[in-house]
Structure formats: C-alpha cells, structure tokens
Amino acid sequence: MAISPREALGFDIPSGAVPPRQATRALFVCLAVPALAACPGDRPAAEQPPAAAAPVAVVDAQVEEDGQWPMAAKNHASTRYSGLTEINTQNVHTLRLAWTFATGTLRGHEAAPVVIGDRMYLVTPFPNNVYALDTRDGSVIWKYEPETDPASQGVACCDVVNRGVAYDNGRIFFNTLDNYTIALSAATGAELWRTKLGDINRGESMTMAPVVARGLVLVGNSGGEFGVRGWITALNAADGSIAWRAYHTGPDRDVLIGARFRPFYEADRAPDLGVTTWPPDEWRIGGATVWGWISYDAELDLVFYGTANPGAWNPALRPGDNKWSSAIFARDLATGEAVWAYQFTPHDEHDYDAVMENILVELPWQGEVRRLLLRPERNGFVYVMDRETGQVLSAEPYGPVTWAFGVDLETGRPIKNEDKATGNRLARNVCPAAPGMKDWQPSAYSHRTRLLYIPHNHMCMDYEGVEVNYIAGTPYVGASVVMYAAPGDGHRGKFTAWDPLGQRIVWQIDERFPVWSGAVATAGDVVFYGTMDRWFKAVHAVTGELLWQHRVGSGIVGQPVTYLGADGRQYVAIFSGIGGWAGAAALGLLPVEDPTIALGFASAMRDLPEHTAEGGTLYVFALPDAPAGPVGRTGGPEGAP
Amino acid sequence: VTRGSVLVALLLLAAACARDDGTDELRETGFVAGRVGALQTEAPLFPGPQPGLRLVPIRNPLEGDEAARARGEQLWTWMNCAGCHGSVGGGGISHPIRHGNFIYGMDVANIFLSILQGRPNGMPAFGGMLTEQQIWELVLHVQAIGRGEVEADWQEPTIRVADREPGMLEARR
C-alpha cells in the first residue's frame, strides 16, 4: 500500500491485508459509556487513571474490512477482529441458526472455518478431510480425503485435532496429522502438491494451521511430548518445495542464527545456545515445536512465532536454559534468518509452551506510538513487546501465578519461585497449571475498545518430575501431574477483557470449564466465544454483558469466525465438537480411577461428561431479517483457477 | 449354509468328539482351525478363542508368577506404556483398557501380538526391544490392569481448589 495505514487512518490495520472490496466503517464514533459525558476521542488509555472503574474509551477505528476470513487468525496481524457491523450489540439477541454441517468425525474440532467469496473451507480432525461449502446454505461443493495414516493417531499427545486451513491465491493449504502439507485448488479441490515434512516414527505430527505470506507457506511440527526436535518450515506455495527450515535446538546454523541476529537481551547473544544450554545431545530430542500461531508484519518483513516446551517434562534431565524452547523468534520471511529471539520461560519446569498468538498492533506506549506485539502467554503473564527489537515493555499476570514472582524487565528473565521447582521433586500449588493461564486458544483484539479478549484457564497443579526413557515414537514426558481449579469457587475457566496499555482486567466472566475456544471481536462491539459446556456466546465488548447464547450439540473448542456471505449478510460460524487436551475427559477416559491421565488434565475435568459427549458439527448463525442486496456480494475465490 | 451342510457338520462334530484324545495335539498347533471351523454356522465378531472351537487356549507361560508380573509392571513404566494407556490403564492417547475393553482382543495371544507387532491405529511395535520372556511379563501386568486389579497410588476424592498462598501474583483490576 502506498501510504501507511496508520497515517491514513490514524490507526493500525492488519498488516498485509488484502485490498478491500468493501470497506465497512464502524457504526459509532464513540459509544455511550455511563461515566463519560463527552466522547473520549483518541486519548491513549495509558494516560487514564488506573482505577478499577476506569471506563473503556471506544474509538472510531476505521479498519478496512472485506468480509472475508482467509486464515484462522483472520489476518497476518492475528487480531481476529472483523470490521463488520450488521450484527451488533443492538440486534445480536435476535441471532438465529442459518445452517449446520456434520463433519462425520467425533474428536476435538479446534479449526477455524475459512471464508473466501461465496465459499467456506474447513478441515476436520483426523483423518483431516477438507470440505468446500456454500457460505449461504452449507451445500457441499467438493470434498477432499487425504488418506491420513491411522498410525499417526498414536503420536498425537492431546487428541487428533487440526487448527485450520489457510487460503491464498486460489489455493487451500493445510497439514495432516501424519506430517504432510497439502495444497488444493480452491475451485475444484484437486490436489496440487503434497510434501512430507516429518516422521511419525520419530514422534512427529502436525496440527497447526498454516500461514501464507508472499508465496511462502509457513508450517511447524508437533510432538513436544514425544521427544521430537522442533522446527518451522517455509514451503514455496507454487510447488511445495522447501524454501527454508529452522530448528529450535542445536547449532546456530540449524537454527538459522547468523549475521542479522540481534536479540535484545544479553543472555540470548552467545553462539550455539541451542547446544550449550543442554546436556550433551539432549537438544536432539529437546522439543521446542511450532504447533501454534504465526504472525507476519509486511512492513518489517518479519515473521513472529513461538516455540513449545522443552522435552522431557522432568527438568532434572536437562539442566540449563534449554534454548530455544518456550521462546519467540522474529525471522526474515524470505530466508528464515533469525533477527531476534527471546525466551519467555528459560529451563521450563511446568510445560509452559510459548506457541501463543502474536497480536501485532501500533499503539501509543508511554507517549510514543510503537509497533507492539501483544502476547497473553501460557506462563501467566501478558507480554507487551516491541516487535522491532524484541524488548519486553511489560509483563503482568492476568490470573494467579505462583511459579514466578514476576519478570525482570532489565534482564528479561522471570524471577522463579524455587518452591515450585519440579526436577525429581514434587511441587504443589503451582499456578498456572501445565496448560497455562492460556493454551492454544487464541485471543481477539478490538481496534475500537483497544482491549484483548482472552479465552483462558483458571487452574493450578501438583507436578513431580519422574524418570523416563526415550523410545522413539512413544511419549517422552517424565512427570506425574494432577490439575485442579485455581483459587475460587471451583470454576476452571475465564473469559477476560484485558487492557494491554493499562495492564489490567477490565471485565471478566467465570466459566465452569477452561475456555478452550478462540474469540472474535467485531466493529459491532460484539465478542464471540464458546464453552466446553456447549454454549456459544455473544458478549458486549465494552461491558462483558451476555447479549445472546445458543446451546450447541457438543462442547466448543473451535475458533469462531464472522464473514459476509455471498448474499451480503453477515454470518457467524463455530465448530461444536468436544476434545483437545482439555476435552479428553469427554472422550471416554477414566480420570477418577487413573488421576494422571491426559497429563493430569482429565482429573480436573471429571465432571465434563455430565455436560457434553462427542460431536462434530459446524453451526452458522445470521440475523433473521437481514437485507440481501448489493452490499458485499463478493464473487468467487480470488484468482481461483 | 444349507440344511445338508449343517447335518454334515453335526456328524463331523460327533466324530470329532469320539476321537477327542487323538486331535488335541493337532488343535494345540492351531492348524486344525480350518477343518474344525467347518462345523460353525456363524462368524463370531470378537477376536480370541471361540466357543465351539475346542482349541486349547494359549496360556501365559508365566501365569500366577507374581514376581514376573512385578517385572511387567516395571516394563510398563520403562517402555512408556503409561504415557498412552495411563498409569493404571485409564487411557489417554489410547482409549481405556482398564475394564478389559481391548479393541484388538483381551486374550493373552491378542495382547502378546499387540505388543510384539503393534496395531494400525497408533500402537507401536515393541518386538524389536523386548525378549519373548519380557513380553509375557508385560502381558501378565496388562491382564491384571484389564481385570481392574491395579489401582492408582492415590485418587482425588473431588475436584480440588488451589490454596491462595503468600506471594501468589494476581491480575490488576
């Protein structure tokens, strides 16, 4: 784009957004907030008094909106923010079911459906079938079956999930549990190429949703509980050939650390830290996989993503910082060269993967507009980082934390509580629990409220590192864990509106179970999320007030999306289908008799089967009397062959 | 199956009973299954020894040897069985086997083969890592799990709630 969106709009828009076919403006310049008589305008939230009653200033964020949802995170900035306003706080209570679609699979449905033009594309849990549906009525246009190897189910630590497809330039890209990245024609479903990237016999699998930028498909492996060596790989979208691969353990040449590498903190600057921060050869099975989220800033031409936990879970087996596990990288898109890195949790002792979403925004930080990266992290802190340098500007807890006393912003290192160390010892009352304050479930960011909407967990645990043997293709964990509710009335989930500038909770909703779904925020000031006890909810972005809810068939662990259908109406879609790590207890396991199963999660979820059984259905909602017409008729897939 | 063939089968069965002692040895080899199987009028939908087939069941040669079962329990941990099946068979990556609900059969022969050769939905083959003796030890322990005889060290009576402890960080509001 010729001019900076920030200059044009006075606000950030998702980096790399496609040129708009239709720009939808926010309905309200400012929302009536009881405590404010006048419009709050564009006053930086950081200047507001940090009082608990501080009101939310709603700004006129003129974000370009094309009504599409081309990737799981909506855009390369991973905001999961839609500028659509047809469904808003005034009418969302009338939302009703438009159509449904059963996927024929009964495991955890964690994927986001993707929408381009008049078609929706979705991928099921194993065996990872892909469907193209008509956005208006759910008619099946084509189906693709990848014939995924059934043996791959044996190396999926946390249910046989898949987190979604990605659309780019007439093609659909997705990963299979048995380690293929596959490209399909969006028009016909014909397979264009498939590339094998990993080996189930070494414990590798793939569950993440690819991200496509400038002709490169970015994917990563899973298997941190199987002693794999984590990597990210860029494939050429045209033919599936590998452009580059970076490992996250081992020598610098494998990690693609070279002349451009300028980490912000001293501790990250020595050579070959991926070797020297491990006992000899432990890095070869050290984990640090990439099964979560990737963002891309087109102006900086940098890719941002995090790495998962180190293996094994018993930290006594791996003295040292264990780089580059539980860390974030900024890399050059074309070459993969590392530009900076930062380790959120050195020498992780509690399974605090760092695969969280990286939300890219430009906001005034202490008086100066900066390119920020927001990360509600698994280890319990919300990090605000400068994404040009990798500096941590703020790291504040968003729930109860006992494993650390805080993060030292001088060194970037967490200040650990040694009472919670777990190497060959039992630590009790460790907060957050192993799935973290938040696991993979992605947050949304509203450009109007400037709040993060975080679906998350409210749990603590007992954790004991125990002996374990490495046998390729089998679990490499070495920890006995049992989880339970964090302090409170026994609820285990939260949905939190977080002010990243004020570094505080604005409002919060308690949920019985971990909120294992993603979130969406819209310019209609509605925020959507789902619960494991089968509610799909719409809440007010400013107040958190419950505006609407719909009971679905099976618990929700998917990612909501919203889009303009080919008929010009706004739709909201969500998968129902319990599963994932948190949902294991509803898949027929016996957590009461065997309390450490599902890595200690199922014990805390033993009441889940009272609320849901397996399922696998997409639900799509719309307003009852929305006008069809010229608005937003978007035609077929862009550039589809 | 015609009426005639059933009659023939019954006659054969009578003959087989008459020469009971003479065929036991053959039956132990398993190679008579085809011939004796001709007596059946249905194809049972569960694996393992079949009623009506008077095959001598394969027994665990270590049956009743508690020391061998204890070695099997150690192997259960060392071979990372617990990582998928749960420490006492409650499931996880695998479905639970605690109440004898084995997809590939709960007979000792089925369990032995599952460990030796693996199974197609994600059970790895351990034949290259274990001796025949060790597999039988493991089978003994798996049998005990399948009968629900192996209990966890501890069980939580209810879902616990963590303590609010000194030094616990909390979010600002």
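Per chain, numbering begins at 1; letters A, B, ... match sequence-line order.
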- Message: To the closest 0.5 Å, what do you measure between CZ (B:Arg160) and OG (A:Ser603)?
- Response: 8.5 Å
- Item | Under 4.5 Å from a heavy atom of chain A, the part of B:Pro120 involved | backbone
- Query: Taking the side chain from B:Asn80 and the backbone from A:Asn469, do they hold a donor-acceptor pair closer than 3.5 Å?
  - Reply: yes
- Spacing of CE belonging to A:Met459 relative to CD1 belonging to B:Ile159, to within rounding of 0.5 Å: 10.0 Å
- Which atom of B:Ile93 lies closest to which atom of A:Pro475, heavy atoms considered: CD1-CG, 4.4 Å
- So how far is it from B:Met168 CE to A:Trp403 CH2, rounded to the nearest 0.5 Å? 14.5 Å
- Query: Does any heavy atom of chain A fall under 4.5 Å from the side chain of B:Met79, the backbone, both, or neither of them?
  - Reply: both
- Closest-packed option against chain B by number of heavy-atom pairs under 4.5 Å, given A:Ala156, A:Cys158, A:Pro400: A:Pro400
- Note on the structure: Note: B:Leu169 and A:Pro397 closest approach over all heavy atoms is CB-CG, 4.0 Å
- Cut-off 4.5 Å, heavy atoms of chain A, and the answer for B:His85 is backbone
- Taking non-hydrogen atoms and a cut-off under 4.5 angstrom, which of residues 130-155 of chain B neighbour chain A? B:Ala152, B:Trp154, B:Gln155
- Item | Contact leader toward chain B among A:Val477, A:Asp462, A:Val382, where contacts are heavy-atom pairs under 4.5 Å | A:Asp462
- Query: Taking the side chain from A:Asn429 and the backbone from B:Ala162, do they hold a donor-acceptor pair closer than 3.5 Å?
  - Reply: no
- Query: Using a cut-off of under 4.5 Å for heavy-atom pairs, which of A:Thr596, A:Val468, A:Val482 has the most such pairs with chain B?
  - Reply: A:Val482
- Item | Neighbours of chain B found in residues 582-593 of chain A - heavy atoms under 4.5 Å | A:Gly588, A:Leu589, A:Leu590, A:Val592, A:Glu593
- Can you name the closest pair of heavy atoms from B:Trp78 and A:Ile471 and give their distance? O-CD1, 3.7 Å
- Note on the structure: Between B:Asp163 and A:Pro487 the two heavy atoms that sit nearest each other are O-CG, 3.8 Å
- Query: Does the distance from a Lys or Arg side-chain N to an Asp or Glu carboxylate O, for A:Arg428 and B:Glu165, drop under 4.0 Å?
  - Reply: no
- Task: Answer with side chain, backbone, both or neither: which region of B:Thr77 has an atom nearer than 4.5 Å to a non-hydrogen atom of chain A?
- Result: neither
- Closest heavy-atom pair and its distance - A:Asp594, B:Ser87: OD1-OG, 2.8 Å
